[in-house]
Amino acid sequence: MTKLTPMERIWFIVNLIPHGSVLPYGIVADLAGLPGRARYVSRALKLAPNNMLLPWHRVINSQGKISFAKETELFRTQQELLRLEGVLVNAGKISLSQYQWKPDLATLVMTLPF
DNA sequence: CTGCTGACAAAGT
DNA sequence: TACTTTGCCAGCA
């Protein structure tokens, strides 16, 4: 049985987010088995190796907004990546009801290696 | 051990 | 809707 570190579990979940959809930090934490640790998710994304090709741009905050300050380069990058996937972004805000990934939890849980 | 920081979240105002 | 406050918790100095 493969033992994944908390950070690896977060990366695993982020990798599952489908093209054109998003997921809040807090939900990623929940699915990774780390309830209440949304801030740890942001840390994990920051520390993820560049060669991982992680779809980090699909992770946004619970308000449906991009968590970077609007004048930053990272903000523009994330906004652009999302738009390239067909996601509507208005002033850094995204409609969660329209784009949030809603996986079948029963199926997902059986797929997880942890 | 204490204090600070942060790609957060929820509740108030 | 937009700020602000409070709670949160893993790293790090």
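Residue numbers begin at 1 in each chain, while the letters A, B, ... track the order of the sequences. On a predicted model such as this, the values are computed, not experimentally measured, just so you know.
The stretch residues 30-39 of chain A participates, sequence neighbours left out, in no salt bridge (Lys or Arg N to Asp or Glu O under 4.0 Å) pair at all. For residues 84-101 of chain A, the set of pairs meeting the salt bridge (Lys or Arg N to Asp or Glu O under 4.0 Å) definition, not counting sequence neighbours, comprises A:R58-A:E85.
Rounded to the nearest 0.5 angstrom, A:L45 CG and A:W11 CH2 are separated by 9.5 Å. Of the inter-residue distances, the one linking A:E8 atom CD with A:F114 atom CZ reads 10.5 Å to the nearest 0.5 angstrom. Here the straight-line distance linking atom NE2 of A:H57 with atom CG of A:L84 works out to 8.5 Å at 0.5 Å rounding.
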Side-chain atoms of residues 99-112 of chain A: list all donor-acceptor pairs with protein atoms under 3.5 Å, sequence neighbours left out, distances to 0.1 Å.
from: A:Y99; atom 1: OH; to: A:L88; atom 2: N; distance (Å): 3.3
from: A:D104; atom 1: OD1; to: A:A106; atom 2: N; distance (Å): 3.1
from: A:D104; atom 1: OD1; to: A:T107; atom 2: N; distance (Å): 2.9
from: A:D104; atom 1: OD1; to: A:T107; atom 2: OG1; distance (Å): 3.1
from: A:T111; atom 1: OG1; to: A:T107; atom 2: O; distance (Å): 3.0

Please report, to 0.1 Å, the donor-acceptor pairs under 3.5 Å made by any side chain of residues 15-25 of chain A, with sequence neighbours excluded.
from: A:S21; atom 1: OG; to: A:P18; atom 2: O; distance (Å): 2.6

Name each donor-acceptor pair under 3.5 Å that joins a side chain in residues 60-68 of chain A to protein atoms two or more places apart or in another chain, with its distance.
from: A:N61; atom 1: OD1; to: A:Q63; atom 2: N; distance (Å): 2.9
from: A:N61; atom 1: OD1; to: A:G64; atom 2: N; distance (Å): 3.2
from: A:N61; atom 1: OD1; to: A:K65; atom 2: N; distance (Å): 3.0
from: A:N61; atom 1: ND2; to: A:K65; atom 2: O; distance (Å): 3.3
from: A:N61; atom 1: ND2; to: A:S67; atom 2: OG; distance (Å): 3.2

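A heavy-atom distance below 4.0 Å to DNA chain C is reached by these residues of residues 15-40 of chain A, ordered by number: A:R37, A:R39, A:Y40. For the segment residues 41-68 of chain A, residues with any heavy atom less than 4.0 angstrom from an atom of DNA chain B are, sorted by number, A:S42, A:R43, A:L45, A:K46, A:W56, A:N61, A:S62, A:S67, A:F68. Remark: nothing in residues 69-95 of chain A comes within less than 4.0 Å of DNA chain C through any heavy atom.
Read 5' to 3', the first and last nucleotides of DNA chain B with an atom closer than 4.0 Å to a heavy atom of chain A are B:dG6 to B:dA10.
With sequence neighbours excluded, the residues satisfying salt bridge (Lys or Arg N to Asp or Glu O under 4.0 Å) with A:E73 are A:R76. Remark: A:Q98 engages A:S95 in a side-chain contact (heavy atoms from CB on, under 4.5 Å) (not counting sequence neighbours). Considering only residues two or more places apart in sequence or on other chains, A:Q79 meets the side-chain hydrogen bond (donor to acceptor under 3.5 Å, both in side chains) condition with A:R83.
Listed here is the closest heavy atom pair of A:P113 and A:F12: CD-CZ, 3.4 Å.
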